[in-house]
*Asks:* 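Questions regarding the structure given below will be posed in turn.
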There are 2 protein chains.
Amino acid sequence: MLNQQERSRTWLQELKHNGYRLTSPRKAVVEVMANSDTVLSPAEVYDIGRGRYAKLGLVTVYRTLEKLEAMGLVQRVHRPDGCEAFIAGVEGHQHLLICENCGRVEYFGGDKLDGLIDKVQGDSGYEIRDHWLQFFGLCRACQRNN
Amino acid sequence: MLNQQERSRTWLQELKHNGYRLTSPRKAVVEVMANSDTVLSPAEVYDIGRGRYAKLGLVTVYRTLEKLEAMGLVQRVHRPDGCEAFIAGVEGHQHLLICENCGRVEYFGGDKLDGLIDKVQGDSGYEIRDHWLQFFGLCRACQRNN
DNA sequence: TCAATTATGAAAACGTTTTTCAGTAAAGAA
DNA sequence: TTCTTTACTGAAAAACGTTTTCATAATTGA
């Protein structure tokens, strides 16, 4: 994986390539998201982001996350207790493993699902277009503290 | 599966066994949920439910869904575009197959995931406590109309 | 039938997200 | 560099869905 500084730079380039201006508030949001390995709500991005750019507005956080999501750089995370949180995305399709306590996210690949998808598709008559596979649990650090 | 009338009756009994009173608004909500095979938001339950009990209030819909969820009779459904919808639950752990167009839901079982869970647990050090597997697509009827 | 207590719905409060809008700042041209 | 165009910004307001409050109504068991 890219290190965090490289990831920030790449994201900013990509914003530029998509015709967006590089502004201080956007840089702050990009740095927060690109440097985080935990799920963050817009309000949390706002709080952390103001450490980097004090005048940052919550509205801009929403607008920037929206753009980053459309560009596939961050993805929305769905959790049992609420679904408005974001995490840096990764290339290609990956599944998520989320710590219920601290929000830390890891990715795992390995689609063992193809056979199951074929079977469910045949049984149900549905045309399956997308799937979610997410695991929830406790990361190593939170196991020790709970 | 129980037919819909039986399911309503069972749910009402279960409410009673849990110490809750059987009221007209609750009956309306139970009938809506027990008779539906599509995902419904609280507002939709409210709209449909008023057809059965005109004085039904939205607040009571929320309160009743909360109880039904706690009793395991309905479950919350998470979708890419929003996560506050409910569907009648089924016994035991099942996975969902959701029509992106009309919200119809089917259930499928067959946990082929045990091996994968063990592997991810070992690789990551996480203690995996729960998982979601959901498929999204088009049901037979919506394939014809799209 | 009555009394105790739960449940109800209207209204208000709440927290989050979106829209509006006047002022600001980025980026390319001169 | 300065200028000009246009996109972007944040504060405030609006909109939205959900929860709380509270006086009234309805269910239940005695």
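Residue numbers begin at 1 in each chain, while the letters A, B, ... track the order of the sequences.
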*Asks:* Does the pair A/R129/A/E127 count as a salt bridge with the N-to-O cut at 4.0 Å?
*Replies:*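 Result for this pair is yes, salt bridge flagged.
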
*Asks:* Membership question, hydrophobic clusters at under 4.5 Å side-chain separation (ILVMFWY): are B/V59 and B/I48 in the same one?
*Replies:*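 B/I48 and B/V59: separate clusters.
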
*Asks:* Specify the residue among A/K55 and A/A43 whose closest nucleotide of DNA chain C lies further upstream toward the 5′ end.
*Replies:*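 The residue closer to the strand's 5' end, by nearest nucleotide, is A/A43.
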
*Asks:* Assuming nearest nucleotide by heavy-atom distance, tell me which of B/Y53 and B/R63 is located more 5' along DNA chain D.
*Replies:*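 Result of the comparison: B/R63.
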
*Asks:* Between D/dT28 atom C1' and B/K16 atom NZ, what is the distance in whole Å?
*Replies:*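 Result: 8 Å.
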
*Asks:* I'd like to know whether A/F135 forms a ring-ring contact (aromatic ring centres under 6.0 Å, His included) with B/W132, so could you lay out the CA-CA distance, the side-chain angles of the two residues, the decisive distance to 0.1 Å, and finally the verdict.
*Replies:* CA-CA 6 Å; A/F135 292 153; B/W132 281 352; over 10 Å; no

*Asks:* Answer yes or no: does a side-chain N or O of A/R26 lie under 4.0 Å from OP1 or OP2 of D/dT9?
*Replies:*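 Indeed, a polar side-chain atom of A/R26 lies that close.
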
*Asks:* Report the residue (B/Y46 or B/G19) whose heavy-atom-nearest nucleotide on DNA chain C is the more 5′ of the two.
*Replies:*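 Nearer the 5' end of the strand: B/G19.
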
*Asks:* Rounded to whole angstroms, how far apart are CZ on A/R76 and C1' on C/dT16?
*Replies:*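 From A/R76 CZ to C/dT16 C1': 13 Å.
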
*Asks:* Quick check against the 3.5 Å criterion: does A/Q143 have a side-chain atom that pairs as donor or acceptor with the backbone of A/L138?
*Replies:*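 The answer is yes, because a donor-acceptor pair under 3.5 Å joins these two groups.
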
*Asks:* Would you kindly give the CG-to-C1' distance between B/L15 and D/dT28, to the nearest whole Å?
*Replies:*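 Atom CG in B/L15 sits about 15 Å away from atom C1' in D/dT28.
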
*Asks:* Name all residues meeting the side chain to side chain contact (heavy atoms under 4.5 Å, CB included) criterion together with A/A141; count only those two or more places apart in sequence or in a different chain, and write none if there are none.
*Replies:*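 A/A141 satisfies side chain to side chain contact (heavy atoms under 4.5 Å, CB included) with A/C139, A/R144 once adjacent residues are dropped.
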
*Asks:* Please state how far atom CG in A/N18 lies from atom C1' in D/dC8, giving the value in whole angstrom units.
*Replies:*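 Answer to the nearest Å: 16 Å.
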
*Asks:* Stem ranges for DNA chain D, with three or more consecutive Watson-Crick or G-U pairs under 3.5 Å?
*Replies:*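 Output for stems: C:1-30 with D:1-30.
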
*Asks:* If you find the nucleotide of DNA chain D closest to A/L56 and the one closest to B/T23, which residue's nucleotide is nearer the 5' end?
*Replies:*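 The residue closer to the strand's 5' end, by nearest nucleotide, is A/L56.
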
*Asks:* Compute both the distance and the angle, then confirm whether A/R50 meets the cation-pi test with A/Y46: under 6.0 Å from the six-membered ring centre, within 45 degrees of the axis.
*Replies:*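 Yes, a cation-pi geometry holds between A/R50 and A/Y46.
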
*Asks:* I want to verify a distance call: between D/dT27, C/dT18, C/dA27, whose nearest atom is closest to the A/V59 side chain?
*Replies:*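 Of the options given, the side chain of A/V59 lies nearest C/dT18.
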
*Asks:* Per the atom types in the model, does the base of D/dT28 pair as donor or acceptor with the side chain of B/R21 at under 3.5 Å?
*Replies:*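 No such pair is found, so the answer is no.
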
*Asks:* Can any side-chain N or O of B/E84 pair as donor or acceptor with the backbone N or O of A/G82 at less than 3.5 Å?
*Replies:*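 No, the answer is negative, given that no donor and acceptor are paired below the 3.5 Å cut-off.
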
